[in-house]
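Here, residue 1 is the first one in the sequence, and each next residue gets the next number.
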Amino acid sequence: MDIRYSANQKDFKRYDTEEIRREFLIERLFVPDDVTAVYSHVDRIVTMGAMPVKGTLRLDQNLDCRANFGVDYFLERRELGIINIGGVGIVITDGTEYVLNRLEGLYVSMRTKEVSFRAADPADPPKFYCCSTPAHKPCPTTAIPFDKAIHRDLGALETSNARTINQYVHPDVLETCQLSMGCTILKPGSVWNTMPAHTHERRMEVYLYFDIPEDNVVFHLMGEPGETRHVVMCNEQAIISPSWSIHAGCGTCNYAFIWAMAGENKEFDDMDVLAPNALR
C-alpha cells in the first residue's frame, strides 16, 4: 500500500511537475489479479483498484490492517464504496454475493469482515474502483444499479461541458457516515468537467478518469484559485484533491470520471463556485 501525507497550499506553490505527480497522482490502479491501494492522510481516504481475472481477490490482501490502521480487519471502523468500470464482476461481502455490471455500484457497511472480488468472465474482467473512509456506525450494505442512481444533466454543448452527473453514494440514495461517490459522463463534443470550477473547504475529493481513448489525455487543474497548476492524466488514473484545491479538467475528447468525497458533510451542492475569469 502506498501512503501519501497531507500537503499544504503554501508548500504546493513551490512544487515542480514531478513533485505534484508524486504527491497527488495515482498512476496505476488496475493490475490483473491484484488489489492496489493508496492511503491518503487527506481525510484518511483509501483509494483502491481490484481487477480479478483468474481467481478471487481479497480486499485486504495488501493492506496489513493491524500495522496501518490499528484494526483486525479493514472495515472494522471504515465504510466502502465500489463502482465497476469493467466487465461483469462479483463482490462477496461476508458470504453474500452481489453481481455488478459495468457502471453499477455497491456500498459496503462498516464492520463487514470479509470482502472479495471475482470475474464473471476472465476474458472480460471487472475493474472495481473502491474508496473507503472512516465511519462511526454501520449503515446497510446496499447494491446500487445504474438506474437507482440520481441522474442530473448539467452544462451545455455551447460551453463544451454538457454532462450527466450520476450520484450513487448519496444521501438521497442510501445512508452513509461521510462517503459520497458518483460518476460524471461527458457528452460527445464536450471536454470540460466541473467548470465553472469550485472549492469546498469542508470536503476533499478524489477523481478517477476513465473511458479516455488511447492517445488522448485530460489536463486536470488543481491548486488554489489564484495560482493553479495542471496535471496531464491518462486513462484510468486518479488524483487526490485537498479541500483548498480546485478540481476541474479539460480533455482532448469526451470522457468520464468517478468522484469520491470525504469530510465534514455530504451536501453535494456545498461548494464555493468560482467564475472562470477569476482563476489564475
If we ignore hydrogens and angles and just use 3.5 Å, is the side chain of Asn84 paired with the main-chain N or O of Gly87 as donor and acceptor?
yes
Give a yes or no answer on whether the side chain of Thr228 reaches the backbone of Arg280 with a donor-acceptor pair at less than 3.5 Å.
yes
Please confirm whether the backbone N or O of Glu23 pairs with a side-chain atom of Arg4, one donor and one acceptor, at under 3.5 Å?
yes
Return the minimal non-hydrogen interatomic distance between Ser245 and Met222, and the atom names on each side.
OG-CB, 3.3 Å
Is it true that a side-chain atom of Tyr129 and a backbone atom of Thr47 form a donor plus acceptor pair closer than 3.5 Å?
no
Less than 4.0 Å between a side-chain N and a carboxylate O, is that true for Lys10 and Glu224?
no
Who else is in the cluster with Phe219 when I, L, V, M, F, W and Y are joined by side-chain contacts under 4.5 Å?
Val217, Val232
Taking the six-membered ring for Trp, is the centroid-to-centroid distance between Tyr255 and Phe210 below 6.0 Å?
no
Examine distances only and state if a side-chain atom of Thr199 and a backbone atom of Glu201 form a donor-acceptor pair shorter than 3.5 Å.
no
If you apply the rule side chain to side chain contact (heavy atoms under 4.5 Å, CB included), what do you find for Asp272 with His198, and how did you get there?
CA-CA 5 Å; Asp272 301 312; His198 63 264; 5.7 Å; no
Look up atom CG in Asp94 and atom OG1 in Thr141, then write down how far apart they are to the nearest 0.5 Å.
8.0 Å
Are Ser190 and Asn254 close enough that a side-chain donor and a side-chain acceptor fall under 3.5 Å?
no
Tracing side-chain contacts under 4.5 Å among Ile, Leu, Val, Met, Phe, Trp and Tyr outward from Leu106 reaches Met1, Ile3, Tyr5, Val35, Tyr39, Val46, Met48, Leu57, Leu59, Leu63, Phe69, Val71, Phe74, Leu75, Leu80, Ile82, Val91, Tyr98, Leu100, Val108, Val115, Phe117, Phe128
Could you tell me whether Lys113 and Glu76 have a side-chain N and a carboxylate O separated by less than 4.0 Å?
no
Donor-acceptor pair, distance only, cut-off 3.5 Å: does the side chain of Asp211 make one with the backbone of Ala256?
no
In terms of the angle between their ring planes, are Phe24 and Tyr15 parallel, tilted or perpendicular, with boundaries placed at 30° and 60°?
tilted
Ionic contact status for Arg22 with Asp16, cut-off 4.0 Å:
no
Just by modelled atom types, is the Asp172 backbone N or O under 3.5 Å from a matching donor or acceptor in the His170 side chain?
yes
With under 30° as parallel and over 60° as perpendicular, where do the rings of Tyr209 and His220 fit, or are they tilted in between?
perpendicular
Arg229 side chain vs Lys13 backbone, donor-acceptor pair below 3.5 Å
yes
Any pair with a residue in residues 115-127 that passes side-chain hydrogen bond (donor to acceptor under 3.5 Å, both in side chains), sequence neighbours left out, goes on the list, sorted by first then second residue, please.
Glu97-Arg118, Lys127-Glu236
In Å, rounded to the nearest 0.5 Å, how long is the span from OG of Ser6 to CD1 of Ile240?
9.5 Å
Would you say Thr112 and Tyr73 are linked by a side-chain donor-acceptor pair, where the criterion is simply a distance under 3.5 Å?
no
Using a 6.0 Å cut-off, check whether atom CD of Glu264 has over 12 heavy atoms from anything other than its own residue.
no
Does Thr164 offer a backbone N or O that forms a donor-acceptor pair with the side chain of Asp153 under 3.5 Å?
no
To the nearest 0.5 Å, tell me how far Leu208 CG sits from Ile85 CD1.
5.0 Å
Residues His200, Glu205; criterion side-chain hydrogen bond (donor to acceptor under 3.5 Å, both in side chains); working and verdict
CA-CA 9 Å; His200 27 67; Glu205 198 156 358; 2.9 Å; yes
Donor-acceptor contact below 3.5 Å, side chain Asn161 vs main chain Met195
yes
Separation between NE2 of His247 and CH2 of Trp259, rounded to the nearest 0.5 Å
10.5 Å
Without hydrogens or angle criteria, can the side chains of His136 and Gln178 be said to hold a donor-acceptor pair below 3.5 Å?
no
